[in-house]
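Here is the structure we will look at, set down as structure tokens.
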Amino acid sequence: MLQQRTLKSISRAVGVGLHSGQRVELTLRPAPADTGIVFRRVDLPEPAEIRMTAESVTDTRLASTVSTGGAKVQTVEHIMSACAGLGIDNLYIDITADEVPILDGSASSFVFLLQSAGIALQKAPRRFIRVTRKVEVREGEGANEKWASLEPYHGYKLSFEIDFDHRVVNSTGQRVEFDLGTGSYSRDIARARTFGFTKEVEYMRSKGLALGGGLDNAIVMDDTKVLNEGGLRYDDEFVKHKILDAMGDLYIIGKPLLAAYKAFRSGHALNNKLLRELLSHSDAYEVVTFEDEKHAPRGFGEVARAW
């Protein structure tokens with residue numbers, strides 16, 4: 001049987017929120033089978049739990065924000081991406097502010113935290129959402145067109161194309177494909193950082209956003225070059241970060257997907273719209289388990305080793 005996974009022990013981190021600039025403490029805790037991934041706002045007078053579902057996403061401006069009642073957690077996509085990449089099914093994420101710490105701007109720090117805690121198998125089958133027919137969402141026309149789709153696939157594959165008219169981005173390639181069955185999430189995707197342009201950063205800060213952002217947690221470019229002293233981590237780091245984000249946004253559905261995801265200029269809003277579109281068609285998906293691991297797609301049976 002392909003089993004559900006949680007952590008063997010507790011793991012902690014301290015950082016700042018990308019947009020709020022607030023100091024925040026994060027504690028990752030094991031959770032029982034069938035719990036799912038649950039954020040817990042432990043700083044509130046009455047601690048609140050926010051379970052990951054497509055409907056829990058309430059804001060997609062600049063990041064994915066989830067909420068329940070009056071409690072919210074912003075910028076969940078990087079830690080959710082790490083959970084997707086390592087196959088974590090059940091996890092409590094205790095947090096002391098309303099935004100996940102940005103750490104180094106990628107998912108690699110979260111991968112390190114999860115692997116440091118160790119991954120434990122649980123006595124319950126992993127449940128997958130298998131896409132059975134194509135589902136697509138589109139917005140805009142012409143130069144403003146963007147779209148995202150999910151198609152049947154025995155595994156999990158993501159193809160993303162960006163469209164930035166900038167000499168640095170143009171020189172690195174604007175399309176990438178990642179297949180969980182043949183690639184390594186930790187090696188190929190997790191280290192890709194969020195990115196922005198100096199003029200955008202200045203504008204966002206004037207609006208009270210990106211207060212925790214800087215060269216230590218984002219790729220920053222002016223009109224002609226990357227300003228980070230170490231340059232890029234991957235030749236195609238920009239579009240790989242979009243894959244990273246998409247994996248996090250899509251994992252908010254609450255179960256791993258068996259599908260081929262394709263997108264052009266998509267973002268947090270369109271990714272969540274795609275999940276809701278999928279769930280609105282009962283004939284477009286089914287929930288499956290694998291009693292025999294041999295029948296599971298490549299990339300889902302292996303358990304990531306402790307760091």
Side-chain angles (χ1 to χ4, degrees), residues 18 52 57 60 62-64 75-88 100 102-112 114 129 131 135-137 146-151 153 155-164 166 168-196 217-219 221 226 232-253 255-275 278 297-300 304:
L18 174 62
M52 293 300 94
V57 176
T60 51
L62 302 178
S64 286
T75 320
V76 303
E77 58 271 12
H78 295 175
I79 191 169
M80 290 300 295
S81 183
C83 290
L86 296 184
I88 305 297
V100 175
I102 190 62
L103 301 181
D104 76 340
S106 74
S108 61
S109 296
F110 298 116
V111 167
F112 176 78
L114 293 166
I129 293 178
V131 173
V135 174
E136 184 179 72
V137 289
K146 51 187 174 181
W147 56 265
S149 68
L150 290 167
E151 299 180 25
Y153 182 68
Y156 192 37
K157 179 170 63 175
L158 302 99
S159 305
F160 206 111
E161 184 176 353
I162 56 178
D163 182 26
F164 285 95
H166 188 281
V168 174
V169 184
N170 284 336
S171 68
T172 66
Q174 304 215 34
R175 185 183 183 279
V176 75
E177 180 173 290
F178 173 71
D179 192 319
L180 196 62
T182 56
S184 164
Y185 173 83
S186 300
R187 181 193 67 214
D188 301 332
I189 301 296
R191 297 178 64 247
R193 295 160 294 175
T194 191
F195 60 93
N217 56 33
I219 306 168
M221 291 169 284
V226 171
L232 299 178
R233 294 177 175 177
Y234 303 108
D235 291 340
D236 48 2
E237 187 169 358
F238 303 106
V239 67
K240 279 190 171 177
H241 186 77
K242 291 297 187 178
I243 291 273
L244 185 157
D245 275 351
M247 290 182 71
D249 288 342
L250 296 176
Y251 205 46
I252 293 174
I253 200 170
K255 295 179 179 65
L257 288 168
L258 297 179
Y261 164 88
K262 297 179 181 178
F264 174 68
R265 300 177 68 230
S266 186
H268 305 300
L270 206 58
N271 289 337
N272 187 251
K273 187 176 179 180
L274 179 62
L275 291 184
L278 173 69
R298 288 182 62 188
F300 286 101

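- With rounding to the nearest 0.5 angstrom, the CG atom of Leu257 is 7.0 Å from the CG atom of Leu275.
- At least one donor-acceptor pair under 3.5 Å links the side chain of Gln174 to the backbone N or O of Phe164.
- By the neighbour-count criterion of 12 heavy atoms within 6.0 Å, atom CG of Asp163 is densely surrounded, having more than that number from other residues, nucleotides or ligands.
- In plain terms, the two heavy atoms of Phe110 and Ala82 that are nearest each other are CB-CB, 3.7 Å.
- Phe195 and Phe238 get closest at one heavy-atom pair: CE2-O, 3.4 Å.
- Taken to the nearest 0.5 Å, the CG atom of Asn271 stands 9.5 Å off from the OG1 atom of Thr60.
- In this structure, the side chains of Asp188 and Ile243 stay at 4.5 Å or more apart for every pair of heavy atoms.
- Shortest non-hydrogen contact noted between Leu180 and Gly85 is CD1-O, 4.4 Å.
- In this structure, CD1 on Ile189 lies 7.5 Å from CE on Met247, to the nearest 0.5 angstrom.
- Rounding to the nearest 0.5 Å places OG of Ser106 at 12.5 Å from NZ of Lys240.
- Nearest heavy-atom pair, Tyr251 versus Ile88, reported as atom, atom and distance to 0.1 Å: OH-O, 2.7 Å.
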Stepwise, does the side-chain contact (heavy atoms from CB on, under 4.5 Å) test hold for Glu77 with Thr75? CA-CA 6 Å; Glu77 58 271 12; Thr75 320; 3.7 Å; yes
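- For Tyr185, the ring-ring contact (aromatic ring centres under 6.0 Å, His included) test picks out no residue, with sequence neighbours left out.
- Across every non-hydrogen atom of Asp249 and His268, the tightest pair is OD2-ND1, 2.9 Å.
- Taken to the nearest 0.5 Å, the NZ atom of Lys242 stands 11.0 Å off from the CG atom of Leu244.
- Listed here is the closest heavy atom pair of Val131 and Ala259: CG2-CB, 3.5 Å.
- Within the 4.5 Å cutoff, side-chain heavy atoms of Tyr261 are placed close to those of Phe160.
- Atom CG of Asp245 sits about 7.5 Å away from atom OG of Ser64, to the nearest 0.5 Å.
- Residue Arg298 places its CZ atom among 12 or fewer non-hydrogen atoms of other residues, nucleotides or ligands, all under 6.0 Å distant.
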Where do Tyr234 and Val176 land on the side-chain contact (heavy atoms from CB on, under 4.5 Å) test, with the steps shown first? CA-CA 12 Å; Tyr234 303 108; Val176 75; over 6 Å; no
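- Between Asp104 and the choices Arg193, Arg233, Arg191, the side-chain hydrogen bond (donor to acceptor under 3.5 Å, both in side chains) rule is met once, by Arg233.
- For the pairing with His78, the side-chain contact (heavy atoms from CB on, under 4.5 Å) check across Val100, Val111, Ile102 returns one residue only, Ile102.
- Looking only at atom types and distance, the side chain of Tyr153 has a donor-acceptor partner in the side chain of Asp179 under 3.5 Å away.
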